[in-house]
Amino acid sequence: MPELPEVEITARLIGDAVTGDVVETVMAPGLNTIKTFKPPIQVLEGEPLTGLRRRGKVFILDSGSGFSVLMHLMSAGRLQLFEKRASVKDKKSRLLIRLPGDRELRLREFGTHQRAWARVVPTAEVDTDEYLVELGPEAWPDPPELGPLLDSKRPLYTVLRDQKVIAGIGRSWVDEILWTAKLSPFKRGADLTGDETGALREAMIERLGGALDFYEKELTVPLPDKLPLPLQVHRHEGEACPRCGDTIEAVHYSDYVMCYCPTDQTGGEALKDRRLSRLLK
Ligand SMILES: [Zn+2]
């Protein structure tokens, strides 16, 4: 589940490793991954890569061709750099960018669905791309004052993951940020006090930035299939809260789990009501 810190560290590490490399060939075995047709992605061939950056959870791979490739990993994708070219058996590959010295930049996707996407856009028009232009401000490093942004009837758990409201947070980091700020995931955005929006903003900076600091120390290229996320609450259902010792509770959805500490976040109540679960969809 790559979110802002995972996309940022990937962009930094892989960007450093590939910038200046001239692309040899590009292949797109994921038939539905590339959403644009003109120009074809082979426009990158013979041109140097000039950088890899990020907006929200989207990678922007710039090239000397004057075109950039936007890539969204969705829930199960990875962008990885390998020292050897993929065997034809790597069914996870959606996009293969071959570089000198047998190296290969790969967009891969785990699981059965093909949801990750890529688009080729003129570099000069990246900022006005139809997807990127809809994104809210970045959740890190310097998110704006959150009160006006979150002024919504939707619960924090939902509104914080809305990329049009604020960009970069998903199901892992929303649990961590809300726990750090001691806020209920069920609280409506519009009901936050000034102190609470301040605490939430601080928690966002602290946790997303802290994750990045952690990755800077821990990770090098090649990046592993599974990144070691420094989580304290998410994926820790049933364990002791690292802050107060209460048991971390969870609400289960069909394909993910929301975790929180009742003592710190919901006035001691364990909220397992299915109607609440539906509310958070
Ligand atoms: Zn706690």
Side-chain angles (χ1 to χ4, degrees), residues 1-6 8-9 75 139-143 145-147 149-162 165-166 168-218 226-281:
M1 305 276 170
E3 301 175 26
L4 189 153
E6 294 75 42
E8 174 73 20
I9 193 67
S75 61
W140 175 92
D142 187 24
E145 214 275 295
L146 296 178
L149 286 184
L150 303 182
D151 188 11
S152 164
K153 289 184 175 167
R154 292 186 292 167
L156 289 174
Y157 185 70
T158 309
V159 75
L160 285 171
R161 290 180 300 126
D162 182 343
V165 173
I166 189 151
I169 300 170
R171 288 163 188 159
S172 299
W173 289 106
V174 71
D175 283 359
E176 298 294 314
I177 289 165
L178 287 170
W179 175 81
T180 299
K182 295 189 177 181
L183 286 169
S184 167
F186 303 92
K187 189 158 191 162
R188 296 189 317 163
D191 292 339
L192 293 183
T193 66
D195 282 352
E196 287 173 331
T197 54
L200 190 56
R201 184 176 175 281
E202 288 305 313
M204 227 176 247
I205 297 168
E206 177 191 329
R207 295 308 307 278
L208 299 175
L212 258 168
D213 293 344
F214 173 81
Y215 294 143
E216 282 282 4
K217 289 193 199 92
E218 295 290 317
K226 269 183 184 275
L227 296 182
L229 275 65
L231 302 170
Q232 295 184 280
V233 186
H234 189 71
R235 300 183 191 162
H236 288 277
E237 180 187 7
E239 297 176 23
C241 169
R243 188 163 51 205
C244 74
D246 191 6
T247 303
I248 303 289
E249 292 287 346
V251 178
H252 289 259
Y253 300 91
S254 56
D255 57 352
Y256 62 101
V257 178
M258 183 196 82
C259 295
Y260 64 97
C261 169
T263 295
D264 286 332
Q265 294 175 260
T266 58
E269 265 185 274
L271 303 165
K272 284 182 171 171
D273 189 327
R274 290 226 168 260
R275 282 168 300 170
L276 283 171
S277 309
R278 277 202 298 275
L279 267 179
L280 294 183
K281 286 274 181 192

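Not measured: the values here are computed from a predicted model. Atoms within a ligand are numbered from 1 in the order they appear, just like the ligands themselves.
Under the 4.5 Å side-chain criterion, counting only non-hydrogen atoms from C-beta, Trp173 is in contact with Leu208. The shortest side-chain heavy-atom distance between Arg154 and Val165 falls under the 4.5 Å cut-off.
Protein N/O/S atoms closer than 2.8 Å to the Zn ion (ligand 1), listed by chain and residue number, are Cys241 SG, Cys244 SG, Cys261 SG, Asp264 OD2.
Of the possible donor and acceptor atoms, none in the side chain of Glu249 sits under 3.5 Å from a partner among the backbone N and O of Pro262. At distances below 3.5 Å, not a single donor-acceptor pair connects side-chain atoms of Arg171 with backbone N or O atoms of His234.
For Glu216, the side chain to side chain contact (heavy atoms under 4.5 Å, CB included) test picks out Ile9, Arg12, with sequence neighbours left out.
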Worksheet item: Could you go step by step and tell me if Tyr215 and Glu8 meet the side chain to side chain contact (heavy atoms under 4.5 Å, CB included) rule?
Response: CA-CA 10 Å; Tyr215 294 143; Glu8 174 73 20; over 6 Å; no

